[in-house]
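Let me begin by presenting the structure, written as C-alpha cells, before commenting on it.
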Amino acid sequence: MWTGLLDKYRKYLPVTDKTPNITLHEGNTPLIKLQNFVRQELKIDLNVYVKFEGLNPTGSFKDRGMFLAISKAAEAGSQAVICASTGNTSASAAAYAARAGLKCFVLIPDGNIALGKLAQAMIQGAKVIAIDGNFDDALAAVKIISEKYPVTLVNSLNPHRIDGQKTGAFEIAEQLGRAPDYHCLPVGNAGNITAYWKGYQEWQAAGQIKALPKMLGFQAAGAAPIVDGHPIKDPRTIATAIKIGNPASWKQAEAARDESHGIIEKVSDEEITSAQIKLAAREGIFCEPASAASIAGLLKKAREGFFQSGETAVCVLTGHGLKDPDRAIAVAPPVSKSSADIQEIAKLLGL
Ligand SMILES: *Cc1c(COP(=O)(O)O)cnc(C)c1O
C-alpha cells in the first residue's frame, strides 16, 4: 500500500523518529507517455511523458512539499501556519494543517484565485484573507507576519517545501529507469524548478542515476521576470498559478538553468491555452493553464528544432484542470442545446 512520501523517501528527507508523519498519501503520481499529441504536433520521434501532479491529494504538486513543511511545523510545536498563495499553496496548506490540527492563515490576491482552489482553502478550514494587491504583495506581508508573530511560514521559502518537492525527481527517475534528457516545467515563484534540480542532483549523488537532465523552465509572457531580467510590477497572465512578478527562488532557478545547460523562456497565453486544450482533447489529460506552459514550451522548442529524434522529455503537469473550471468553460467549444427529439439530437451529432 502506498502511504506517502515520508515512508518511501525517509532516508533522503530531513526527518527523525520524532517527526510526525502528517500525510494524505501524496506522491506516486503517474508518468504518462503521450501518444496522439506527439505524432500530430511534434513531427519528430521525441518520447514525451507527462508527470501528472494534478493527481496529488489536493490536486497539485504543492502537496509534495506541504506534507513535510507541516510535519516539521508540528514537530517544532507550532500552532499555526501562514502562506501567500495564487491558490494551490493555500489549498494544500489548509488540507495538511487540518490533518495536523494546526490553524492555517492564507493571504490571496483578491479576485485572482481560480474557483476550485478557493473552495478548497475555504472548506478545509483556513482563515482566508483576500488582499488588495498581487501575489508578490501577499508574500511580502506573510514574510513580515511570520517574523513578528508565532506562525510558521509555509511558502517555498520554507526549505522543507523544497525538500519535499524534490521527491518528484526521484519518482520520475524511478519510473523511467533514468533521468530524462529534458525536464520541462512552468516557473512561477521558482520553488519547483529549484526542488527538481536539487532532487536530480541528490539522486545522482546517491548513485541512482548517471546523467542529469537539462532543465527547461517556462514563464508566461506577461509574467516573465527571470526571462526579462527584472521584476515585473504588474504581472499579467491567464495562468494564475504563475502570475508572479518577483520570484522568491529567482537565483536558484537561474542556477538550475545554468548548471543543467538548460533554458528559461516565455510562452504566450495563447500558446498556453492551445496546449491545454490539445492535451485535454487529444490525450484525455486535463491540467490547469499554468501546467500547460510546460507543454507549450516543449512545442515551441520542438518547432525551433531544439530536440533530436529518440530523446526523452518529461513535462510536469503541476495542477489539475478542475482547479480552474471557469477557464476551461471559457475556452472549450460551447455546449449545444436541443429538444429531446432523437432526430434533432442525431443531426446535431452529425450522425
Ligand atoms: C505553484 C504552481 C506553479 C509554480 O510553481 P513555482 O514553484 O512557484 O515555480 C505552477 N503550476 C501550478 C499549478 C502551481 O500550483
Side-chain angles (χ1 to χ4, degrees), residues 26 29 50-66 69 83-93 95 108-109 112-114 116-118 120-121 135-136 138-139 154-159 161-166 168-169 183-199 215-220 223-227 235 237-254 256-257 264 266-267 272 275-276 279 285-297 315-324 327:
E26 58 292 321
T29 56
V50 294
K51 178 76 168 158
F52 196 8
E53 289 288 280
L55 296 180
N56 273 297
T58 76
S60 86
F61 78 84
K62 299 298 197 302
D63 296 341
R64 277 188 193 280
M66 199 57 75
C83 64
S85 182
T86 62
N88 282 330
T89 298
S90 67
S92 187
I108 57 171
N112 276 296
I113 297 292
K117 305 175 187 181
L118 184 60
Q120 288 176 291
F135 171 83
D136 303 290
L139 184 61
V154 293
N155 278 102
S156 57
L157 292 160
N158 179 326
R161 284 275 311 278
I162 304 295
D163 267 321
Q165 284 172 213
K166 76 187 177 190
H183 179 102
C184 309
L185 79 175
V187 175
N189 214 23
N192 212 25
I193 190 168
T194 303
Y196 267 104
W197 182 236
K198 183 171 197 233
M215 304 297 289
L216 313 185
F218 298 99
Q219 301 199 288
I226 299 175
V227 185
T237 170
I238 52 94
T240 51
I242 52 172
K243 191 176 170 188
I244 292 174
N246 192 11
S249 301
W250 188 319
K251 290 256 141 48
Q252 296 90 322
E254 288 180 338
R257 175 194 64 194
I264 298 179
K266 48 186 167 182
V267 286
I272 289 173
Q276 185 196 19
L279 194 61
I285 300 170
F286 182 25
C287 68
E288 68 170 280
S291 310
S294 64
I295 298 284
C315 296
V316 182
L317 300 181
T318 45
H320 202 288
L322 288 173
K323 292 277 195 174
D324 196 351
R327 187 69 207 158

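Residue numbers run from 1 in the order of the sequence given. Atoms within a ligand are numbered from 1 in the order they appear, just like the ligands themselves. Please read all numbers here as calculations on a predicted model, not as lab measurements.
The CG atom of Asn88 sits 4.0 Å away from the NZ atom of Lys117 when rounded to the nearest 0.5 Å. Here CD1 of Ile272 is found 4.5 Å from OG1 of Thr237. Values are rounded to the nearest 0.5 Å.
Using a distance-only test at 3.5 Å, with no hydrogens or angles considered, a donor-acceptor pair links the side chain of Asn189 to the main chain of Ala248.
No part of Ile244 comes within 4.0 Å of ligand 1, judged by heavy-atom distances.
Between Asn88 and ligand 1, at least one pair of N/O atoms sits closer than 3.5 Å. Considering backbone and side-chain atoms together, Ala290 places no N or O closer than 3.5 Å to any N or O of ligand 1. Between Glu288 and ligand 1, no pair of N/O atoms sits closer than 3.5 Å. For ligand 1, the polar-atom distance check against Gly188 finds a nitrogen or oxygen pair separated by under 3.5 Å.
For ligand 1, the atoms closer than 4.0 angstrom to any heavy atom of Phe61 are 1 (C), 2 (C), 3 (C), 5 (O), 7 (O), 14 (C). Using a 4.0 Å cut-off to heavy atoms of Gly319, the atoms of ligand 1 that qualify are 13 (C). Under a 4.0 Å criterion applied to the non-hydrogen atoms of Val187, ligand 1 contributes the atoms 9 (O). Near Gly191, with a cut-off below 4.0 Å to any heavy atom, the atoms of ligand 1 are 6 (P), 7 (O), 9 (O).
Considering each of Gln165, Lys243, Lys62, the one bringing a non-hydrogen atom nearest atom 15 (O) of ligand 1 is Lys62. When Val316, Thr89, Leu317, Asn189 are ranked by how near their heavy atoms come to atom 8 (O) of ligand 1, first place goes to Asn189.
Here the options are Leu157, Asn158, Asp163, the test is side-chain contact (heavy atoms from CB on, under 4.5 Å), and the partner is Arg161; only Asn158 passes.
A donor-acceptor contact closer than 3.5 angstrom links the side chains of Lys323 and Gln120.
Put simply, the side chain of Tyr196 reaches to within 4.5 Å of the side chain of Asn192, judged on heavy atoms.
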